[in-house]
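Step one of this worksheet: look at the structure below.
In what follows, every heavy atom counts, from backbone to side chain, and hydrogens, waters and symmetry copies are set aside. Remember, it's 1-based here, ligands and their atoms both numbered in the order they're listed.
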Amino acid sequence: MWSLAVASPHPAAAFAFAAGHPLRHRPSAASDRDANSQRWRWERIRACSYGSSLRIRHLPGRLYGDVSKNNLTPVTVEQAEASAQLPKGDMWSVHKFGGTCMGTSQRIQNVADIILRDPSERKLVVVSAMSKVTDMMYNLVNKAQSRDDSYIAALDEVFEKHMAAAKDLLGGEDLARFLSQLHADVSNLKAMLRAICIAGHATESFSDFVVGHGELWSAQMLSFAIKKSGTPCSWMDTREVLVVNPTGSNQVDPDYIESEKRLEKWFARRPADTIIATGFIATTPEDIPTTLKRDGSDFSAAIIGSLVKAGQVTIWTDVDGVFSADPRKVSEAVILSTLSYQEAWEMSYFGANVLHPRTIIPVMKYNIPIVIRNMFDISAPGTMICQQPANESDDLEACVKAFATIDKLALVNVEGTGMAGVPGTASAIFGAVKDVGANVIMISQASSEHSVCFAVPEKEVAAVSAALHVRFREALSAGRLSKVEVIHNCSILAAVGLKMASTPGVSATLFDALAKANINVRAIAQGCSEYNITVVLKQEDCVRALRAAHSRFFLSKTTLAVGIIGPGLIGRTLLNQLKDQWKEQLKTEAEQADLNKFVHHLSENQLFPNRVLVDCTADTSVASHYYDWLKKGIHVITPNKKANSGPLDRYLKLRTLQRASYTHYFYEATVGAGLPIISTLRGLLETGDKILRIEGIFSGTLSYIFNNFEGTRTFSDVVSEAKEAGYTEPDPRDDLSGTDVARKVIILARESGLRLELSDIPVRSLVPEALRSCSTADEYMQKLPSFDQDWARELKDAEAAGEVLRYVGVVDVVNKEGQVELRRYKKDHPFAQLSGSDNIIAFTTSRYKEQPLIVRGPGAGAEVTAGGVFSDILRLASYLGAPS
Ligand SMILES: NC(=O)c1ccc[n+]([C@@H]2O[C@H](COP(=O)([O-])OP(=O)(O)OC[C@H]3O[C@@H](n4cnc5c(N)ncnc54)[C@H](O)[C@@H]3O)[C@@H](O)[C@H]2O)c1
Ligand SMILES: N[C@@H](CCO)C(=O)O
Ligand code: NA
C-alpha cells in the first residue's frame with residue numbers, strides 16, 4: 001500500500017492525502033497490459049509493492065492455504081470441507097461450540113445442521129451457554145449476595161430467553177419436556193438464590209452450581225434439535241463425568257483417571273453415537289459442582305477429546321482461524337492452515353485470542369489435532385493445530401509462522417558491577433518481584449552479568465520498582481548496583497515458529513526489517529527452544545514494527561508512505577505516472593505547505609512502516625532538510641541537484657550519515673534524468689574499476705539548443721523551445737550559465753571520490769554579461785533576442801571550419817579537476833551526432849580504456865525525469881524487502 005502526500009508553497013498547489021494507494025488500483029483492464037510502457041511499470045509495481053500477488057492468487061471470495069509455504073492457492077468450498085479431514089471410522093469426532101455460536105435459536109439450529117453433516121460415526125459435542133447467559137447467571141448470584149431483590153426479575157429474564165429460544169426451535173413433546181425441565185430448574189434456582197440472599201453470601205460451589213445452568217439448558221436444547229431430525233442423541237451433564245481438582249490462581253487440574261472411570265460408567269448407562277455435553281462445568285472428587293473457570297468450554301472439549309481419544313477436536317468460533325498477525329493491525333494477515341502445538345501455545349500466550357494454552361495440553365498428549373473453524377463461514381477450512389507437519393517447507397519465510405504483540409508493558413533494568421559472579425542476585429531480584437505479585441513477561445541478561453532486564457505489565461511496575469529499591473537499598477548506596485531503572489510505554493513483538501530453531505538468518509531478517517523501518521529495539525529475548533524471538537520496543541513503534549516484520553516474512557505488500565514535495569513539472573508528471581486521482585484532491589484539499597507539518601503528517605500514520613520523501617523542487621532549503629529526514633529514518637529520493645552539489649562538508653556529512661544508517665538516499669535523476677548514469681558509475685566503482693575520466697554532454701537544454709540551432713531559427717527562439725519542452729531548470733539561466741552542468745560534474749566527481757566544490761569548476765557561461773543582472777527569468781528571456789546576432793556569428797565561424805558547437809562537462813579524475821566548456825567538434829564526432837535533448841556520457845576507466853563506456857539518450861524532460869524518480873522509488877521498495 002502506498003500513501004502519497006504532496007507539498008508546495010503555493011496555497012492552491014499544496015495538498016496532502018494520506019491513505020490513498022494509487023498503485024493498488026492497478027488499471028486492471030487487459031488493454032492496459034497491452035500498452036507497453038504501462039505494462040512494464042505496472043508489472044514492476046506489482047512485483048515490488050504487491051509482492052504477495054506474485055505468490056498468492058486471489059479469487060473472488062476467500063484466500064486459503066499456507067502462505068508460509070508459498071503455495072497459497074484458493075480452494076473451493078468442497079475442497080475446503082474435504083481438507084478439514086474429519087476423523088474416519090469409529091473414532092470420536094469432538095466439536096465445541098462457544099456462546100456466540102449458540103447465541104439464538106437460529107444459530108442453535110445451524111449448529112445442529114453442522115453436527116448432522118459431520119460424517120463421523122461418533123460425535124461428541126461440547127457446548128457453552130447461549131451468549132450472555134453466563135454473565136446473566138453471575139449477575140443473579142451477585143444481586144442475591146448483595147440482597148438486591150431484582151435477582152427475581154433477572155431470573156425471569158433468563159427463563160424468558162430460554163423459553164423463547166426453545167419455542168422457536170422445538171415443538172410437541174420435546175418442547176414440553178424441555179420447558180418442564182426449565183420450569184423445575186428455575187424454581188429450584190429461585191429457592192437457592194433466596195437462600196443466598198438471606199445469607200448475604202454465596203460459597204464458590206453455590207455460585208458455580210447456579211452459573212452452570214446455562215450449559216445444562218443449551219445442551220438439552222441442542223440435543224432435542226438434533227433428535228428432531230431423527231438422529232438419536234443424548235445429552236451429558238459433565239458434572240457426572242469430569243472430575244477436577246481446584247489449584248491456586250483460579251485454575252483446575254483434571255483428574256483424568258477418575259474422569260475416565262466415570263465416563264465409562266456413563267456410557268454403560270446411556271450408549272449413544274451423538275452426545276451433547278455441557279462445557280465449562282465439572283465436579284470435584286467430593287461431588288461438589290465446580291467449573292473450569294472462565295472460557296472453560298474449550299478446556300472441557302480438550303479434556304473430553306483426550307478421554308475418548310478423539311480423532312479430532314473442532315473448536316467452532318466466529319473467526320476463520322489463527323491469523324499470522326492481529327488482522328486489526330495488519331490487514332494483510334493470513335489465516336494459517338497449520339500450526340504446531342507449541343506454536344499455538346506461543347500464539348495463544350501472546351494474545352491471539354483463539355485458544356487458551358491449557359486447552360492444548362490434554363490433546364497434545366495423544367496427538368489429537370485441534371481445528372479452529374468459523375461457524376459463520378463453513379467454507380473456510382480453518383487452522384489445524386497438530387504435531388509439526390512433516391512436509392513443511394524449509395524456506396526462511398516458512399520459519400516464522402506468526403507475529404504477536406503485547407502492549408502496556410514496562411521494562412525494568414537493574415544494573416551494576418556488583419552483580420557479576422555473585423550467585424543469588426537474580427533470585428533476589430525476582431524474589432522481590434514475586435513478593436509484590438507481579439507477573440514477569442520476559443527476561444534478558446547479557447552474559448557480562450552487569451545488568452538484568454525484564455518486562456512486567458505497566459500497571460505492576462510501580463510496585464516492582466519500589467520493592468527493588470527497598471530490597472537493594474544497601475547495594476545501591478554502596479554502589480554495587482548503579483541503578484534500578486524503569487522504561488515505560490513498551491510493547492513486545494514476538495515472532496513465533498517452531499522451525500526458527502534450525503534455520504539461520506531468521507533473527508537477522510527480523511532485525512533487518514525493524515532497522516529499515518527505523519525502529520529501535522530496547523531488549524531482546526530468545527530462549528534456547530527458539531520457538532519465539534521476543535523484542536521489546538517503544539509502544540508507539542509497535543504497529544509499524546509488526547507490519548514491517550510481517551511484510552518481510554510473509555512477502556505481503558511492502559508498504560511505503562510517499563511524500564512528494566513540489567508538484568511542479570516533474571512532481572506533477574511523477575504523480576501522473578503513479579496514476580493517482582491527485583488533481584481532484586489538490587483542488588479540494590490543498591493547504592499551505594509547511595514542511596515540518598508535512599513530515600509529521602507522513603510519519604504519524606503507524607500503518608506505514610517505511611516512509612520516503614521525494615523532493616521534486618530545485619530548492620536549496622528543502623535539500624538542507626535531507627540530513628534530518630534521514631536521521632529520522634525517512635528515506636529521501638530526489639532529482640534536485642542542490643544537496644549533492646552544495647557545500648562539500650555538508651555533502652560528506654550527509655553521505656556519512658546515510659552510509660551508517662539503514663536509510664536510503666537515491667538521486668539517479670540528478671544527472672542525465674532517467675538515464676542510468678549514477679547507477680552505471682556506482683556499478684563500475686563497486687566492482688573495482690578505476691574511473692579515469694567522465695566526459696559528456698550533460699545538459700538536455702544545451703544539447704537541444706545546439707542540436708537545433710543550425711541557422712534557420714534564432715538562438716533565442718531555440719532557447720524558448722527548450723523551455724517549452726520542459727528541459728530547462730525552473731530558471732533557464734541555470735542551464736545557460738553552465739551552472740546546471742557544473743552541478744552534474746560535481747555530483748559525478750564526488751561520486752568518483754574527488755573532493756571538489758562547485759567553485760573549483762571553471763565554467764564558460766553562455767549568459768551574456770549584460771543579462772546576468774536580470775532580476776527574473778522572464779526578463780532574461782525577453783532580453784535574450786538582442787544577443788541573437790552574436791550567436792549567429794559564433795555558429796557561422798564553427799560551420800566554416802566544418803565543426804559544430806557543443807557544451808561539455810569533464811570530470812578529470814586523474815588530475816582531480818573538472819571543466820565546463822563550449823567546444824567545437826568535427827561533424828563526424830559522436831558528440832556531433834546527437835538529436836533532441838540527448839545527453840551522452842563517456843566513462844573512460846581502467847577497464848574501458850581504449851573505447852569508453854557510453855550512455856546516451858534523452859537527458860531532460862518531464863516524463864524521463866519522473867520515470868527516473870519512479871524507478872528510484874521502486875528500487876527503494878525492493879531494498880525494503882519487496883521481492884525483486
Ligand atoms: N526538467 C528536467 O528535465 C529535469 C531533469 C532532471 C532533474 N530535474 C530537477 O527536477 C526538479 C524539479 O524541476 P521542475 O522542472 O519540476 O521544477 P518546477 O519549478 O516546475 O517545480 C518545482 C515545484 O517545487 C515547488 N517548490 C519550490 N520550492 C519549494 C519549497 N521550499 N517547498 C515546497 N515546494 C517548493 C514549486 O512550487 C513547484 O511546484 C529540479 O530540481 C530540477 O533540477 C529536472
Ligand atoms: N535542466 C536540466 C534538466 C536535467 O537535469 C537539463 O537541461 O539537462
Ligand atoms: Na540519471
Side-chain angles (χ1 to χ4, degrees), residues 5-16 563-575 586 590 592-599 613-625 637-645 666-682 696-706 719 722-745 747-748 751 777 807 809 836-841 855-869 871-872 875:
V6 183
S8 155
H10 309 301
F15 83 120
I564 297 176
I565 303 167
L569 179 66
I570 306 302
R572 231 179 318 158
T573 310
L574 176 64
L575 282 164
L586 183 61
Q592 182 80 38
D594 169 339
L595 268 193
N596 286 337
K597 197 171 157 197
F598 187 69
V599 173
L613 277 165
V614 183
D615 171 18
C616 288
T617 74
D619 199 63
T620 307
S621 73
V622 174
S624 70
H625 286 89
I637 289 175
T638 190
N640 180 357
K641 300 157 203 111
K642 298 293 157 51
N644 282 13
S645 60
F666 297 147
Y667 43 84
E668 178 58 84
T670 56
V671 182
L675 296 180
I677 307 294
I678 307 279
S679 54
T680 301
L681 179 54
R682 283 267 177 103
I697 292 176
F698 291 102
S699 168
T701 302
L702 296 176
S703 179
Y704 179 87
I705 290 171
F706 291 111
V719 173
K723 188 169 187 300
E724 287 297 300
Y727 302 147
T728 65
E729 290 304 289
D731 183 340
R733 282 174 297 180
D734 282 344
D735 297 290
L736 283 143
S737 66
T739 311
D740 177 71
V741 174
R743 289 190 185 283
K744 290 165 179 166
V745 165
I747 292 171
L748 296 181
E751 205 72 28
Y807 198 77
S837 67
D838 276 1
N839 280 190
I840 183 163
I841 289 102
V855 180
R856 173 190 159 170
E863 289 293 338
V864 294
T865 307
V869 176
S871 157
D872 274 350
R875 190 149 64 102

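Close contacts of ligand 1 with Ala669, meaning ligand atoms under 4.0 Å from a residue heavy atom, involve 6 (C), 7 (C). Atom numbering of ligand 1 starts at 1 in the shown order; those under 4.0 Å from a heavy atom of Asp619 are 28 (N), 31 (N). Near Lys641, meaning under 4.0 Å from any of its heavy atoms, are these atoms of ligand 2: 5 (O). Here is the list of ligand 2 atoms found below 4.0 Å of a heavy atom in Asp735: 1 (N), 2 (C), 6 (C), 7 (O). The contact set between ligand 1 and Val622, taken as ligand atoms under 4.0 Å from a residue heavy atom, comprises 30 (C), 31 (N), 32 (N). Close approach of ligand 2 to Tyr727 is summarised as follows: ligand atoms under 4.0 Å from at least one heavy atom of the residue are 1 (N), 2 (C), 3 (C), 6 (C), 7 (O). The Thr728 neighbourhood of ligand 2 comprises atoms 1 (N), with distances under 4.0 Å to a heavy atom of that residue. Taking every heavy atom of Glu729 and a limit of under 4.0 angstrom, the matching atoms of ligand 2 come to 1 (N), 2 (C), 3 (C). Residue contact check: Asn640 has heavy atoms under 4.0 Å from atoms 41 (O) of ligand 1.
Here the side chain of Thr617 pairs no donor or acceptor atom with the backbone of Gly566 at under 3.5 angstrom. With hydrogens and angles ignored, the 3.5 Å screen pairs no side-chain donor or acceptor of Asp731 with any backbone N or O of Ala777. Between the side chain of Glu751 and the backbone N or O of Ile678, no donor-acceptor pair lies under 3.5 Å. Panel note: side chain Ser703, backbone Gly700; no donor-acceptor pair is recorded below 3.5 Å. Ser645 contributes no side-chain N or O that, together with a main-chain N or O of Ile747, makes up a donor-acceptor pair within less than 3.5 Å. Using modelled atom types, one side-chain atom of Thr573 and one backbone atom of Leu569 make a donor-acceptor pair closer than 3.5 Å.
Compare Cys616, Gly861, Pro730 by their heavy atoms: the one nearest to atom 22 (C) of ligand 1 is in Cys616. Closest to atom 42 (C) of ligand 1 by heavy atom, among Glu729, Lys642, Glu863, Arg743, is Glu729. The option from Gly726, Ala860, Gly859 that lies nearest to atom 1 (N) of ligand 1, judged by heavy atoms, is Gly726. Within the set Asp594, Ile570, Asp740, the minimum heavy-atom distance to atom 16 (O) of ligand 1 is found for Ile570.
Ligand 2 has at least one atom lying under 4.0 Å from a heavy atom of Phe698. No heavy atom of Ala673 sits closer than 4.0 Å to any atom of ligand 2.
No side-chain heavy atom of Cys616 sits less than 4.5 Å from a side-chain heavy atom of Ile565. Using a 4.5 Å heavy-atom threshold, the side chains of Lys641 and Glu729 count as touching. In this structure, the side chains of Ile677 and Val855 come closer than 4.5 Å at one or more pairs of heavy atoms. The shortest side-chain heavy-atom distance between Lys642 and Asp619 does not fall under the 4.5 Å cut-off. Between Leu675 and Asn839, the closest side-chain pair of non-hydrogen atoms falls below 4.5 Å. At least one side-chain heavy atom of Ile637 sits less than 4.5 Å from a side-chain heavy atom of Val869. Looking at heavy atoms from C-beta onward, Ile705 lies out of side-chain contact with Tyr727 at the 4.5 angstrom threshold.
Val671 lies close to the Na ion (ligand 3), since one of its N, O or S atoms is found at a distance under 3.0 Å.
In terms of protein heavy-atom proximity, atom 4 (C) of ligand 2 is nearest to Lys744 NZ, 3.4 Å. Counting protein heavy atoms only, atom 7 (O) of ligand 2 is closest to Thr701 OG1, 2.5 Å.
Contacts with ligand 2 closer than 4.0 Å are made by no heavy atom of Asp734, backbone or side chain. When non-hydrogen atoms are compared, ligand 1 lies under 4.0 Å from neither the backbone nor the side chain of Leu595.
If you put the vertex on the Na ion (ligand 3), O of Ala673 and O of Leu675 sit 100° apart, to the nearest 10°.
For the atom pair OG (Ser699) and CZ (Phe706), the distance works out to 9.0 Å, reported to the nearest 0.5 Å.
In terms of N/O distances under 3.5 Å, ligand 1 is approached by Gly568. Looking at ligand 2, you won't find any N or O of Thr670 less than 3.5 Å from one of its N or O atoms. At least one N or O atom of Gly700, backbone or side chain, sits closer than 3.5 Å to an N or O atom of ligand 2.
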